[in-house]
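Scroll down for the structure; my scribbles are underneath it.
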There are 2 protein chains.
Amino acid sequence: MAEFLCGLDAAVAVVGGKWKPLILWALSVRPRRTGELRRELTGVSEKVLVQQLRELERDGVVRREVHDQVPPKVVYSLTDDGVALDRALRPLGDWGEERMVEINSVRQGGAVAPP
Amino acid sequence: MAEFLCGLDAAVAVVGGKWKPLILWALSVRPRRTGELRRELTGVSEKVLVQQLRELERDGVVRREVHDQVPPKVVYSLTDDGVALDRALRPLGDWGEERMVEINSVRQGGAVAPP
DNA sequence: GTGGGTACGTACTTCAAAGTAGGTACTTCA
DNA sequence: TGAAGTACCTACTTTGAAGTACGTACCCAC
């Protein structure tokens with residue numbers, strides 16, 4: 001029912017979750033356990049974190065490795081497609097970084113420079 | 001209340017609307033009137049189209065020019081920031097294009113190859 | 001004078017994503 | 001003994017984006 005109209009559409013759908021950009025950024029630094037991610041992404045609930053990780057896994061950009069031990073240990077990392085996605089996101093991240101302040105102010109304050 | 005944590009976060013927020021990638025793509029080809037966009041993006045409602053155009057304008061990537069005539073004529077085009085955004089989106093679009101089919105099938109069918 | 005085109009605005013509804021709050025089964029540490 | 005950590009799952013509620021359906025004011029062609 002989604003039916004993407006162009007590649008950009010599909011890519012935005014993959015990274016479009018509220019926490020997905022941050023998850024991908026964290027995993028691009030190094031693989032992480034669930035708890036590490038939860039502590040890194042302050043404010044995320046466990047439900048949504050696991051949900052978005054599963055979606056990223058389904059979309060083929062994140063790998064989930066279960067180490068069968070007690071207590072459980074699950075490690076998430078980027079697949080080859082995930083690494084390629086991360087590289088494709090770099091220019092976009094740079095674009096955003098340069099404009100973060102303006103975008104932020106324009107989205108809440110309204111005016112650019114309050115007196 | 002948004003408060004972006006990284007540039008990627010901010011950029012995804014800008015292009016994150018349902019029709020925004022398509023709007024940006026259309027405007028990157030050439031400037032358009034409202035009606036042209038509405039006809040190009042099959043399925044979009046006038047309300048949402050105008051809404052997303054206003055948000056893109058607020059975020060500084062789209063320029064809105066009103067020609068004061070009757071019947072009204074409004075032309076939308078990309079600003080310099082918008083052109084830069086479009087360029088930054090190219091690698092992401094390419095990434096999505098190469099994986100559109102898989103992403104689509106994995107998101108509705110479930111299995112990769114139905115018999 | 002009626003229908004179509006221009007570019008909106010506004011009120012209401014729908015629906016999916018995200019948030020909240022609980023539970024599971026097992027272990028280690030104090 | 002009981003509190004804390006591991007990585008989840010499930011049910012329910014909230015939120016906000018998008019969709020639907022109308023109205024505006026003006027013009028032109030038929």
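In the text below, chain A, chain B and the rest are named by the order of the sequence lines, each starting its count at 1.
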Exercise for the section: Find which nucleotide of DNA chain D each of A:R64 and A:V70 is nearest to by heavy atoms, and output the residue with the more 5' nucleotide. Expected result: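 Closest to the 5' end, via its nearest nucleotide, is A:V70.
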Grab the [atom1]-[atom2] distance between [X] and [N] for me, whole Å please.
X: A:Q51; N: C:dT20; atom1: CD; atom2: P; result: 14 Å
X: A:L49; N: C:dA17; atom1: CG; atom2: P; result: 17 Å
X: A:R54; N: C:dA17; atom1: CZ; atom2: C1'; result: 18 Å
X: A:Q69; N: D:dG5; atom1: CD; atom2: P; result: 18 Å
X: A:W19; N: C:dA18; atom1: CH2; atom2: C1'; result: 10 Å

Problem - More than 12 heavy atoms of other groups within 6.0 Å of A:W19 CH2 - result: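 Count over threshold, so yes.
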Problem - All stems with DNA chain C, defined as three or more consecutive Watson-Crick or G-U pairs under 3.5 Å - result: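 As far as DNA chain C goes, consecutive pairing (with distances under 3.5 Å) yields the stems C:1-30 with D:1-30.
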Practice task
Give A:E55 one of three labels, base, sugar-phosphate or nothing, depending on what nucleic acid heavy atoms sit under 4.0 Å from its own.
Solution key: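 Nothing, no heavy atom under 4.0 Å.
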Practice task
Ignoring the backbone of A:Y76, work out which of D:dT6, D:dC8, C:dA7 is nearest its side chain.
Solution key: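 Minimum distance to the A:Y76 side chain belongs to D:dC8.
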Exercise for the section: Report yes if the side chains of A:Y76 and A:L27 come closer than 4.5 Å at any heavy-atom pair, otherwise no. Expected result: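 Sidechains of A:L27 and A:Y76: in contact.
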Practice task
May I have the step-by-step check of salt bridge (charged side-chain N to carboxylate O under 4.0 Å, His left out) for B:D86 and B:R90, ending in yes or no?
Solution key: CA-CA 7 Å; B:D86 180 59; B:R90 293 284 168 79; 2.7 Å; yes
Handout entry: Within residues 30-47 of chain B: residues closer than 4.0 Å to DNA chain D (heavy atoms)
Key =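 Residues of residues 30-47 of chain B that come under 4.0 Å of DNA chain D are, in numerical order, B:S45, B:K47.
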